[in-house]
Each structure stands twice: as structure tokens, then as C-alpha cells.
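Protein chains get the first letters and strands the later ones, always in sequence-line order, with residue 1 at the start of each. No experiment lies behind these values; they were computed from the predicted model shown.
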2 protein chains.
Amino acid sequence: MKEVLPVFNSAVSIDCVLFGFDAGELKILLIERNEEPYKDWWALPGNLVGEEESVDQSASRILHELTGLSNIYMEQYYTFGEVKRHPQGRVITVAYYAMLRLGGDKALKPVSNYAKRAQWVNIKELPKLAFDHQYIFDKGLEKIKRRIKHLPIAFELLPEKFTLTQVQNVYELILGKKLDKRNFRKKILSFGVLKELNEKQKGVSFRAATLYKFDKRKYAKLFGKEISF
Amino acid sequence: MKEVLPVFNSAVSIDCVLFGFDAGELKILLIERNEEPYKDWWALPGNLVGEEESVDQSASRILHELTGLSNIYMEQYYTFGEVKRHPQGRVITVAYYAMLRLGGDKALKPVSNYAKRAQWVNIKELPKLAFDHQYIFDKGLEKIKRRIKHLPIAFELLPEKFTLTQVQNVYELILGKKLDKRNFRKKILSFGVLKELNEKQKGVSFRAATLYKFDKRKYAKLFGKEISF
DNA sequence: AATATAGTGTGTATTTTTTACACTAAGTAA
DNA sequence: TTACTTAGTGTAAAAAATACACACTATATT
């Protein structure tokens with residue numbers, strides 16, 4: 001089949017902005033490159049799209065290779081196609097983001113050979129990034145800001161059981177501003193996707209907060225409805 | 001440079017959903033293909049991305065080739081990357097939409113050779129489309145539905161001078177539902193981007209409506225703010 | 001000249017949503 | 001027992017969204 005259509009015009013890659021919430025900070029996963037160009041620079045995890053995989057599959061594969069995680073919801077948000085964005089040739093890149101629960105257990109799996117190592121980095125302390133990755137990240141952050149106002153995606157960053165204060169922290173980190181506690185709670189509970197548990201936070205040296213769980217069934221029904229913060 | 005990176009993994013194309021409003025109907029521009037595959041089928045206008053143009057430039061070029069129009073705001077909304085979407089090989093396509101003023105004067109320019117002809121078609125009466133173009137269109141329509149609730153992009157479809165009823169018609173066609181006249185007017189005027197003119201509609205056999213103009217300066221300031229319908 | 005027709009243009013009351021704002025309760029640690 | 005720290009709660013005011021109906025005006029028709 002390729003005989004008919006082989007106008008080589010570009011390679012296609014995927015880049016992923018993987019958000020994680022840890023120790024009260026919003027972080028993304030960066031890799032330290034082990035190859036030219038930009039050897040030794042930090043970059044968003046990414047790779048070329050395989051010939052036998054869709055772009056969505058490619059994004060999942062990259063996530064899996066880096067973290068060992070599967071079945072994570074990833075959302076494509078933009079395709080970056082400037083001619084000169086890659087110094088060694090034409091590469092158009094499709095950007096995805098995902099929100100990950102960083103359980104202490106889920107350490108990163110061995111990263112593939114194109115990277116020396118991978119590391120979670122606070123989004124407020126990002127190093128200089130390779131290629132146009134800073135720009136790709138900026139657009140991704142904008143995207144989830146808009147997104148979190150309409151859908152409660154923030155829960156995907158939290159452990160299975162969480163306190164309302166934790167949820168509020170995530171919102172504040174993503175939106176970059178303080179929210180009123182009472183109004184926030186009213187609103188977030190009004191979505192009807194949180195289940196209060198008969199359980200309290202443990203190991204804190206002050207009054208323990210009630211734990212909540214995220215009700216995936218009800219959450220699914222929310223898609224399509226619009227909600228705002 | 002290409003020596004280093006020539007992993008051919010896909011061709012990249014652009015497909016455009018060009019919306020126009022004409023004779024009270026919401027239409028898109030379709031072309032009738034003159035080449036295999038899907039010869040003689042209707043399809044969204046599209047083409048391969050050139051090696052020396054960004055994907056945005058490519059979208060503008062395609063629009064220009066088809067309509068002779070330049071300087072139209074086009075928005076990229078999704079990239080479709082299923083492996084089998086093109087029967088003759090791997091082609092990943094980046095989809096854009098634009099809203100066009102269909103002045104009677106602006107007839108379509110000669111279409112490029114890959115199409116026999118181009119035609120505006122009511123979105124409610126689309127023929128069977130080539131490739132996955134029906135799906136690409138569906139996603140585009142969803143996108144502008146969401147978009148029009150937050151930004152008054154509908155004006156881009158209207159002639160320079162228009163009546164409030166025309167604006168309402170566009171909204172109703174895009175959203176696919178009736179809106180209350182009084183509430184609609186209140187809302188649309190509250191955006192502060194419409195200038196009332198000292199002029200009335202002409203050539204109608206009933207009470208003539210007041211004409212309005214769209215204030216681009218104020219419109220620009222709206223970006224960033226959120227507004228809803 | 002009178003009338004029919006078809007779309008224009010307008011206001012108010014009700015409900016819902018958003019915002020602003022401050023204190024008491026509970027648990028831990030000293 | 002006291003001091004400390006975070007959890008948890010309600011209400012009033014303002015703003016936004018909704019529901020709803022009739023008179024006006026320009027033309028065409030008789």
C-alpha cells in the first residue's frame with residue numbers, strides 16, 4: 001500500500017505532560033535525555049509514534065514504559081507543528097496530558113534507553129527544557145486549568161482516600177490561586193461524586209479530617225454536563 | 001539533517017471543517033474527490049503538510065487554495081491518528097475549523113486538482129463522507145458547540161452588518177436548540193461587543209430590524225474572560 | 001383605506017448560583 | 001490544663017439565569 005502514498009513529509013512523535021501530586025506539590029515527570037540532540041537536557045517524556053500503533057496507543061505505551069502504569073486516562077490536547085521545532089529534521093508532535101496518583105509504592109519503572117533517568121519535578125521549579133517543551137508544558141497547564149473548572153479531574157491525582165483539604169490544595173495549585181474553604185466544599189460536594197467515609201485521617205498531630213472516596217460511577221455521568229468553578 | 005532522524009512513521013495531513021452561514025442554514029465546505037482512494041466521494045478539504053510549512057500554515061494554505069481567503073482565524077482542534085484511517089498507508093491528520101463570512105461576492109476560487117469541485121452543504125444534509133471525515137466533522141461540531149458558549153465566535157459567520165435575530169439563528173443552529181429571544185438579547189448585548197447602528201434592515205416585507213456591527217476591539221479583550229450561554 | 005401578516009422589540013418576577021465572611025470543635029503535644 | 005493547629009460549619013447579599021406574553025411596525029393584499 002505504501003507505494004501509493006509515500007510522500008515523506010514529517011516524522012510524528014508524542015510528548016506527554018504527566019501530572020502528579022506529591023507532598024503538597026504539583027509535579028510533572030521529566031526525563032534527562034541520553035541522546036543528541038539536547039543530550040543531558042531535561043525534557044518531557046516522548047517518543048516517535050510506531051507504525052503499527054495509533055497516536056493514543058503510542059501515548060499509553062510511552063506512559064507505560066516510563067512508569068509501568070496502564071489504563072490511565074490520557075487526553076490529547078494539541079499538536080505542535082512548527083517546521084524548526086526539532087533541530088535534526090521535521091518532527092510534528094502530538095501532546096497528551098495525564099493525571100497520576102503517585103502512590104509511594106509505584107516507583108518509576110526502568111526508563112527506556114533514550115533517557116538516563118526520570119524524575120518528578122515541581123512545576124514551579126522546572127529546569128530549562130529541551131526543544132519547545134516549555135511551551136508544550138505551558139499549553140498543557142493552561143488546558144488543565146480550563147478543564148478542572150468544568151470536570152473534577154483533580155481526583156485523578158489523589159490517593160484513593162483523601163480529605164477535602166487535599167482536594168482544595170490540588171485545585172489551588174492548578175489554578176494558581178487561593179479558594180474559600182466553605183464555598184469550595186459546598187461546590188465540590190454539590191457535584192455529587194464524593195462519598196464520605198466512616199474513617200478519619202491518621203498520623204497527623206492535629207484534628208484528623210474525614211476521608212472521602214471518589215465515586216467513579218457518578219463521575220462518569222458527569223461527562224457531558226457542564227460544571228464550573 | 002534528515003540523515004539523523006528519518007524514521008518514516010507516517011505522513012501528516014490537514015483536514016478543515018469550514019463553517020459558513022448562508023440562507024439561514026449552517027453549512028460546511030465539501031469537495032468532491034478526483035483521486036483514489038474514495039474517488040468521487042465527498043470529503044473535507046485537506047492535504048498533506050508541506051515540508052517547509054508549519055501545520056498552521058498548511059491549514060491556511062488549504063483554505064486559501066479553496067476559497068481565495070486569507071487571514072482567517074483557524075483553530076486546530078484535534079489530531080486523528082488511527083492506524084487504518086487511510087486505506088493506502090499511514091496518514092495522521094490534524095483537524096482545523098474556521099468560521100467564514102459567505103458574502104455573495106466571495107465565490108469559491110478554482111479548487112486544486114485533487115478535487116472536481118467544492119460545494120457548501122447544509123450540515124443537516126451531509127452525504128456519506130470519505131475516510132473518517134464524518135467522525136472528524138462530528139468532533140468539530142462538538143468543539144464549536146462548546147466554544148460558542150464561551151466566546152462569541154458566531155459573529156465570524158455573519159456579514160458585517162447583521163440583526164440580532166440572525167445572531168440568534170446562528171446560535172440555535174450550532175447548539176441545535178431554540179433559545180428565548182429576550183434572554184438571548186440580554187445576554188448577547190451584555191458581552192458589550194455589539195454596536196447598534198442607525199440603520200435598518202432593507203428589502204424585507206415586514207418590520208425592519210435594527211442592524212448591529214461587531215466591535216473587534218472589544219471582542220479581543222474578551223479572550224481570557226469566560227462567558228457562558 | 002382597511003386589514004392581514006410576519007417578524008421586531010421589550011420588562012419583570014422567580015429561582016439559582018456565586019460570593020463574602022468568622023467562629024467553634026476536635027485532636028495532639030507540651 | 002493549656003496551647004496549638006487544622007477541621008468543619010451557615011447565612012446574607014449580590015449576581016446571573018430562567019420563564020414568560022404582548023404591543024409595535026412595516027409591508028402586502030384586498
Side-chain angles (χ1 to χ4, degrees), chain A residues 23-24 145-146 148-152 158-159 161-173 175-213 222 225-229, chain B residues 21 23-25 145-146 148-152 158-159 161-173 175-213 222 225-229:
Chain A
K145 272 190 196 181
R146 262 174 279 131
I148 205 176
K149 287 185 190 176
H150 297 293
L151 287 170
L158 292 169
K161 298 171 182 181
F162 49 80
T163 69
L164 294 183
T165 302
Q166 285 177 299
V167 183
Q168 187 173 345
N169 287 341
V170 170
Y171 271 81
E172 291 179 345
L173 284 169
L175 296 177
K177 67 179 183 193
K178 288 276 166 214
L179 301 172
D180 177 82
K181 183 159 61 161
R182 278 173 292 191
N183 293 338
F184 179 82
R185 287 174 177 228
K186 223 181 304 174
K187 184 87 188 195
I188 204 88
L189 291 173
S190 78
F191 289 175
V193 296
L194 294 189
K195 254 204 299 256
E196 186 172 349
L197 300 175
N198 271 330
E199 237 179 301
K200 299 270 170 182
Q201 215 177 5
K202 272 177 189 152
V204 287
S205 67
F206 45 80
R207 176 178 180 181
T210 301
L211 291 171
Y212 286 77
K213 222 173 108 175
L222 272 184
K225 288 188 202 171
E226 293 239 339
I227 277 175
S228 309
F229 256 86
Chain B
F21 177 64
E25 295 179 345
K145 271 190 197 180
R146 261 174 281 132
I148 206 177
K149 287 185 189 173
H150 298 293
L151 287 171
L158 292 168
K161 297 172 181 181
F162 48 81
T163 69
L164 293 183
T165 301
Q166 285 177 300
V167 183
Q168 188 173 343
N169 286 341
V170 170
Y171 271 81
E172 290 179 345
L173 284 169
L175 296 176
K177 66 178 184 194
K178 289 273 165 220
L179 300 172
D180 177 83
K181 183 158 63 160
R182 277 174 291 192
N183 293 338
F184 179 81
R185 287 174 177 230
K186 221 182 304 174
K187 185 84 185 196
I188 205 85
L189 290 173
S190 79
F191 288 176
V193 296
L194 295 189
K195 253 204 296 257
E196 187 173 349
L197 300 176
N198 272 330
E199 234 178 305
K200 299 269 170 184
Q201 215 177 7
K202 274 178 188 149
V204 287
S205 69
F206 44 79
R207 176 180 181 180
T210 302
L211 291 171
Y212 285 78
K213 221 174 109 177
L222 272 182
K225 287 187 201 173
E226 294 238 338
I227 277 177
S228 307
F229 256 84

I need the [atom1]-[atom2] distance between [X] and [N], as an integer number of Å.
X	N	atom1	atom2	value
B:Lys178	D:dT18	NZ	C1'	18 Å
A:Arg182	C:dT18	CZ	C1'	14 Å
B:Glu196	C:dT8	CD	C1'	12 Å
A:Ile188	C:dT17	CD1	P	16 Å
B:Lys181	C:dA6	NZ	C1'	11 Å
A:Phe191	C:dT17	CZ	C1'	12 Å
A:Gln201	C:dT28	CD	P	11 Å
B:Gln168	C:dG9	CD	C1'	12 Å

Exercise for the section: Name the nucleic acid region contacted by B:Thr163, choosing base, sugar-phosphate or nothing; use a 4.0 angstrom heavy-atom cut-off, strictly under. Expected result: nothing
Exercise for the section: Describe the nucleic acid contact of A:Thr210 in one word from base, sugar-phosphate, nothing, applying a heavy-atom distance below 4.0 Å. Expected result: sugar-phosphate
Problem - Polar side-chain atom of B:Glu196 near backbone of B:Thr210 as donor-acceptor pair, under 3.5 Å - result: no
Fill in the blank from the handout: d(B:Leu194 CG, B:Phe162 CZ) to nearest 0.5 Å is 5.0 Å
Exercise for the section: Find the distance between CG (A:Leu164) and NZ (A:Lys181) and round it off to the nearest 0.5 Å. Expected result: 10.0 Å
Practice task
Compare the minimum distances between each of C:dG11, D:dG10, C:dG9 and the side chain of B:Asn183, then state the nucleotide with the smallest one.
Solution key: C:dG11
Handout entry: A:Asp180 side chain, from C-beta outward: closest of C:dC21, D:dT9, D:dC20
Key = C:dC21
Practice task
For B:Thr165 and for A:Phe206, locate the closest nucleotide of DNA chain C by heavy-atom distance; then report the residue assigned to the nucleotide nearer the 5' terminus.
Solution key: B:Thr165
Check this one for me: any side-chain N or O of [X] less than 4.0 Å away from OP1 or OP2 of [N]?
X	N	result
B:Lys187	D:dA17	yes
A:Ser205	C:dA29	no
B:Arg185	C:dG9	yes

Practice task
Would you kindly check whether a donor in the side chain of B:Arg207 faces an acceptor in the base of C:dT8, or vice versa, at under 3.5 angstrom?
Solution key: yes
Exercise for the section: Please confirm whether any donor atom in the side chain of A:Lys186 sits under 3.5 Å from an acceptor in the base of D:dT11, or the reverse. Expected result: yes
Problem - Stepwise side chain to side chain contact (heavy atoms under 4.5 Å, CB included) check, B:Tyr212 with B:Val167 - result: CA-CA 10 Å; B:Tyr212 285 78; B:Val167 183; over 6 Å; no
Problem - CA sep, side-chain torsions, deciding dist, call: A:Arg185, A:Thr165, side chain to side chain contact (heavy atoms under 4.5 Å, CB included) - result: CA-CA 9 Å; A:Arg185 287 174 177 228; A:Thr165 302; 3.4 Å; yes
